[in-house]
Amino acid sequence: MNLGVTVLGAALLVLSTGMLLIFTRPNKKRAPTSLREIEAITSLRRILGGAMEQGTRVHFGLGRAHPGDPNYASTLAGLDTLESITRSTLTADQTPVATSGDGTTSLLGEDTVRGVYRRDSTIDRVPGGNSLLAGVTPLAYAAGSQPVISSPDTGANLFLGHFGVESGLLIPDEPAMDKEFFGGSDSIPAQSVFYAASENTLLGEEAFALPAYLDEKKPYLASLMVQDLLRLIVVFGLLVGVILVLAGVL
Amino acid sequence: MRSPVAAAIAIAAGVIVLAGYFLPLPLLQVVRLQFLDWAMLLAAVAALVGIINLTVGHFRKAAKPGPSRMFSIVVVTSLLITLVFGVVYGASDSRFAHVVTNIQIPIETTLLGMISISLAYTVFLFVRRRKSWSNSVFIISVVFFLLANSWFLVFGQSIPVLSEIISGIQKIPLAGSRGIMIGIALGSLVTGLRILTGIDRPYSG
């Protein structure tokens, strides 16, 4: 690896970690964070309320990335969201069910759902099998998720993780099915498909902001602040790069 | 209460693997590769647990009368046949690979065909139902850039100034997707750091 790129990468990592740790610390002088409204997230709250009222279960698709995949961060955001959703539907008749295309994610999904109930001391209410390995290839995952997506028990299908073009098979195929849909991904093809299928779609970095919106915990809000600052640094770097190119230095 | 021991192990493993990318110390590289080997082994065991879970679920469905019973019977039967042949002949056996590939490829090709129909239907529904100005801009952009990157602007490629303008137009979707990718990269970085620093733990431990 190029030494300059390595040093720059390490510096960015140290800077981001430092900012994250500083912003996570409690500080009474700092003004409370206000989050801009994202229509899809407002809809998600309505979707969850609707599913609880109807007594149906929420299906959560965590995607098909595995922990060694660079795209796994979106699945981690999905697991955080699954935890928030499980917590907010603790009083619901049915526990959420998660599907994924990777064995480790499947275990983490089960652990996430059961962990929420364990901390609430209601673990005896949770049956097993809340997280399913739907298939290990992209298309097998999409096909294997179909029984859960179209099950009469499922009132809402939520997706947050890494998906590809196979997301075309995950979207509701028939409007009369009366199932709510919500999607977010780090992949551009999946975002395009989800956006065409539903207005309840998160675009770009909104997928990583979802845990902060659902569960206004300090670490999640700190992440958003770090992302904003890093974005400013990137914008500044791009502008400097353009000026240097125009000046003939680069 | 989450276990501090589990968090300490996770953080230490994460820091060692990450440090291995930046510091070329031989000992660190050995430890990093060992950790990655263990991770692969654990991932394989997790996949096995997932497959057993899937099989048990389909066994239960196959035992109950219902509309999806036949699908579960097919899934369990194919899984068992593949498992037996895989164990007897080995995964690298050419006859075994030939049979699996010739079943898997036609099925996946069919699914890809279904995706294209599903996407065309989704676009049709999009145009019919969502009539706000932003959605109109979206659909016009889709059609315009599809044409711009195909044959539509070929006639101007040989004209000096026009060819540069066309080249610029063709790069607009790329610029947009790079903007989205930068946001996603920053989100991924910070999500990873939350796990690495133990601020966020996707495991109960």
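Below, read A as the first sequence line, B as the second, and so on, with proteins coming before strands; counting in each chain starts at 1.
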Next on the checklist: Would A/T104 and B/L42 count as a side-chain contact (heavy atoms from CB on, under 4.5 Å) here? Give the steps.
Outcome noted: CA-CA 8 Å; A/T104 314; B/L42 286 173; over 6 Å; no
Item to check | Residue, of B/A43, B/G183, B/G187, that accumulates the most heavy atom pairs under 4.5 Å with chain A | outcome: B/G187
Next on the checklist: I'd like to know which of B/S116, B/S188, B/G179 tops the heavy-atom pair count under 4.5 Å against chain A.
Outcome noted: B/S188
Checklist entry - Any side-chain heavy atom of A/T137 sitting closer than 4.5 Å to one from B/Q104? => result yes
Checklist entry - For the residue pair A/S16 and B/L193, what are the closest heavy atoms and their distance? => result CB-CD1, 3.3 Å
Next on the checklist: Working to the nearest 0.5 angstrom, can you tell me the gap between B/T122 OG1 and A/F194 CZ?
Outcome noted: 11.0 Å
Checklist entry - chain B: which of A/T105, A/V7, A/I188, A/L79 shares the most heavy-atom pairs with it under 4.5 Å? => result A/I188
Checklist entry - What part of A/T112 gets closer than 4.5 Å to chain B, counting heavy atoms only: side chain, backbone, both or neither? => result side chain
Item to check | Intermediate values then yes/no, side-chain contact (heavy atoms from CB on, under 4.5 Å), B/I115 and A/V193 | outcome: CA-CA 10 Å; B/I115 289 176; A/V193 173; over 6 Å; no
Checklist entry - Could you give the distance from CG (A/L133) to OG1 (B/T55), rounded to the nearest 0.5 Å? => result 9.5 Å
Checklist entry - So what's closer than 4.5 Å to chain B heavy atoms on A/E110: side chain, backbone, both or neither? => result neither
Item to check | Sidechain-backbone polar pair: B/N53 side chain, A/S131 backbone, donor-acceptor under 3.5 Å | outcome: yes
Next on the checklist: Does any backbone or side-chain atom of A/A10 lie under 4.5 Å from a heavy atom of chain B? Answer side chain, backbone, both or neither.
Outcome noted: both
Next on the checklist: Just checking B/R69: does its CZ atom have more than 12 heavy atoms from other residues, nucleotides or ligands closer to it than 6.0 angstrom?
Outcome noted: yes
Next on the checklist: Quick check against the 3.5 Å criterion: does B/T191 have a side-chain atom that pairs as donor or acceptor with the backbone of A/A73?
Outcome noted: no
Next on the checklist: Could you go through B/V190 and A/L230, starting from their C-alpha distance and side-chain angles, then the distance that decides it, and tell me whether this counts as side-chain contact (heavy atoms from CB on, under 4.5 Å)?
Outcome noted: CA-CA 10 Å; B/V190 177; A/L230 288 175; 4.1 Å; yes
Checklist entry - So, do A/L13 and B/L189 sit near enough that their side-chain heavy atoms are less than 4.5 Å apart? => result yes
Item to check | Engaged part of B/S177 at the chain A interface, taking heavy atoms whose separation is under 4.5 Å | outcome: both
Checklist entry - Can you say whether the rings of A/Y195 and B/F138 are parallel (under 30°), tilted (30 to 60°) or perpendicular (over 60°)? => result perpendicular
Checklist entry - For B/L111, is it the side chain, the backbone, both, or neither that has a heavy atom closer than 4.5 Å to a heavy atom of chain A? => result both
Item to check | CG on A/L76 to CZ on B/R201, rounded to 0.5 Å | outcome: 14.5 Å
Next on the checklist: Quick one, A/L203 with B/I180, criterion side-chain contact (heavy atoms from CB on, under 4.5 Å). Give me CA distance, side-chain angles, the key distance, then yes/no.
Outcome noted: CA-CA 8 Å; A/L203 297 173; B/I180 292 176; 5.8 Å; no
Checklist outcome for this item: Smallest heavy-atom separation, A/P219 atom then B/I199 atom, equals CB-CG2, 3.0 Å
Checklist entry - With only heavy atoms counted, which part of B/I182 is less than 4.5 Å from chain A, the side chain, the backbone, both or neither? => result side chain
Item to check | chain B contacts, top residue of A/H66, A/Q191, A/K217, A/M19 (heavy-atom pairs, under 4.5 Å) | outcome: A/Q191
Next on the checklist: Between B/L196 and chain A, with a heavy-atom cut-off of 4.5 Å, which part of the residue counts as in contact: side chain, backbone, both or neither?
Outcome noted: neither
Checklist entry - So which of A/E205, A/E166, A/R231 has the biggest tally of heavy-atom pairs under 4.5 Å with chain B? => result A/E205
Next on the checklist: Just so I know, are the side chains of B/I184 and A/F208 near enough to count as touching, which here means a heavy-atom distance under 4.5 Å?
Outcome noted: yes
Checklist entry - Hey, is CE on B/M114 packed in by over 12 heavy atoms from elsewhere, all under 6.0 Å? => result no
Checklist entry - Relative to chain B, which segment of A/L139 carries a heavy atom at a distance below 4.5 Å: side chain, backbone, both, or neither? => result both
Checklist entry - Which atoms of B/L18 come close to chain A, meaning under 4.5 Å heavy atom to heavy atom: side chain ones, backbone ones, both, or neither? => result side chain
Next on the checklist: One thing to verify: whether B/R194 and A/D80 come together as a salt bridge, which I'm taking to mean a side-chain N less than 4.0 angstrom from a carboxylate O.
Outcome noted: yes
Item to check | Heavy-atom neighbours of B/F85 CZ exceed 12 at 6.0 Å | outcome: no
Item to check | Heavy-atom proximity to chain B below 4.5 Å, by part of A/L107 | outcome: side chain
Next on the checklist: Using every non-hydrogen atom in the two residues, find where A/I171 and B/S118 come nearest and quote the distance to one decimal.
Outcome noted: CD1-OG, 3.9 Å
Checklist entry - Atom CZ of B/F126 and atom CD of A/E199: how far apart are they, to the nearest 0.5 Å? => result 8.0 Å
Checklist entry - Can you say whether A/P147 sits under 4.5 Å from chain B via the side chain, the backbone, both, or neither, judging by heavy atoms? => result side chain
